[in-house]
Amino acid sequence: MDNNERRKQPLFPIGIVKKLTSLSARQIRYYEEHKLIQPTRTEGNQRLFSFEDVDRLLEIKELIDQGVNIAGIKTVLGTIDGTPPVADIKEVEEKNDLSDKELHDLLQAHIQEHIAKPSMNNPLIQGQLHRFFRR
DNA sequence: CTTCTGACA
DNA sequence: TGTCAGAA
């Protein structure tokens with residue numbers, strides 16, 4: 001059993017994750033709905049999070065604290081089921097109040113043309129995010 | 001007692 | 001996002 005496997009092991013319930021991330025259960029469930037994380041379930045339908053999930057939630061929290069909204073977070077971290085991180089977001093510079101879908105579609109179109117490096121934490125991205133994805 | 005889903009004075 | 005209800 002390698003370390004990567006350990007990181008994916010479903011281990012803790014939402015109560016523990018709340019303490020580990022300082023996020024509310026409401027937020028944690030909300031981020032799951034938006035495919036930012038993918039905790040497994042127990043037989044009783046209870047969520048079980050892995051170290052990997054906690055790490056992602058920590059990254060999400062950082063962005064939330066920086067004032068980045070869901071759309072912005074998806075742009076930086078990408079979703080669990082596909083959407084990779086994006087780098088260039090100049091295209092949305094003027095548009096500041098896009099809905100998640102509009103922004104998603106706009107970014108997807110952009111990705112088609114300028115295939116960017118899926119960097120988990122591109123300094124250039126984070127530096128501009130607060131300007132384009134302010135709540 | 002803890003967590004889950006759905007809903008909104 | 002918080003919080004309440006009703007169920008598991």
Side-chain angles (χ1 to χ4, degrees):
Chain A
M1 189 185 288
D2 54 64
N3 293 302
N4 197 300
E5 201 171 327
R6 297 177 204 285
R7 283 175 50 68
K8 294 181 180 301
Q9 273 282 1
L11 302 175
F12 7 74
I14 200 166
I16 300 298
V17 179
K18 284 175 57 183
K19 296 179 180 178
L20 262 36
T21 64
S22 295
L23 287 170
S24 66
R26 178 77 167 75
Q27 291 175 298
I28 296 173
R29 293 172 183 138
Y30 181 73
Y31 302 145
E32 177 188 33
E33 286 183 51
H34 287 268
K35 306 183 189 305
L36 263 33
I37 53 174
Q38 190 175 63
T40 62
R41 300 294 182 114
T42 63
E43 300 180 342
N45 196 41
Q46 306 283 283
R47 269 169 270 250
L48 279 188
F49 303 74
S50 65
F51 280 110
E52 193 170 73
D53 293 323
V54 175
D55 287 340
R56 279 205 45 116
L57 285 172
L58 253 20
E59 297 185 277
I60 292 170
K61 180 178 169 48
E62 290 305 298
L63 295 173
I64 286 295
D65 291 343
Q66 287 175 45
V68 180
N69 62 200
I70 287 293
I73 294 175
K74 288 180 179 177
T75 304
V76 184
L77 305 179
T79 57
I80 286 298
D81 70 335
T83 315
V86 182
D88 192 326
I89 52 181
K90 295 176 184 174
E91 312 262 327
V92 296
E93 192 159 6
E94 299 90 54
K95 311 194 172 190
N96 236 28
D97 50 17
L98 293 173
S99 69
D100 280 4
K101 175 171 173 50
E102 295 177 314
L103 182 54
H104 175 77
D105 294 337
L106 199 161
L107 289 171
Q108 279 303 147
H110 181 76
I111 297 174
Q112 301 306 324
E113 314 166 43
H114 323 259
I115 304 301
K117 302 289 183 300
S119 173
M120 279 286 266
N121 47 347
N122 183 314
L124 184 148
I125 301 175
Q126 299 191 349
Q128 297 184 95
L129 274 178
H130 65 76
R131 288 193 297 157
F132 308 138
F133 299 102
R134 270 303 184 190
R135 316 182 195 172

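Just so we're on the same page: letters track the sequence lines, and every chain starts at 1.
Base engagement by R29(A) is indicated by at least one non-hydrogen atom pair under 4.0 Å involving a base atom. Residue G15(A) is in sugar-phosphate contact alone, with no base atom involved, counting any heavy-atom pair closer than 4.0 Å across all strands shown.
The phosphate of dT1(C) has OP1 or OP2 within less than 4.0 Å of a side-chain N or O from Y31(A). Between Q46(A) and dT3(B) there is no side-chain N or O to OP1 or OP2 distance below 4.0 Å. Close to dC4(B), at under 4.0 Å from its OP1 or OP2, lies no side-chain N or O of R26(A).
If you chain together hydrophobic residues whose side chains sit under 4.5 Å apart, L11(A) and F49(A) fall into the same group. When hydrophobic clusters are built by joining Ile, Leu, Val, Met, Phe, Trp and Tyr residues whose side-chain heavy atoms come closer than 4.5 Å, directly or via intermediates, F51(A) is grouped together with I37(A). Grouping the Ile, Leu, Val, Met, Phe, Trp and Tyr side chains by contacts below 4.5 angstrom, directly or via other members, places I80(A) apart from L77(A).
When the P atom of dT1(C) is taken as reference, atom CD1 of I64(A) falls 5 Å away, rounded to whole Å. Between Y30(A) atom OH and dC4(B) atom P there is a gap of 18 Å when expressed in whole angstrom units.
Tested against L23(A) for a side chain to side chain contact (heavy atoms under 4.5 Å, CB included), the candidates V17(A), I14(A), L57(A), L58(A) yield a single pass: L57(A).
Taking only side-chain atoms of S24(A), from C-beta outward, the nucleotide of dT1(C), dT3(B), dG2(C) with the closest atom is dG2(C).
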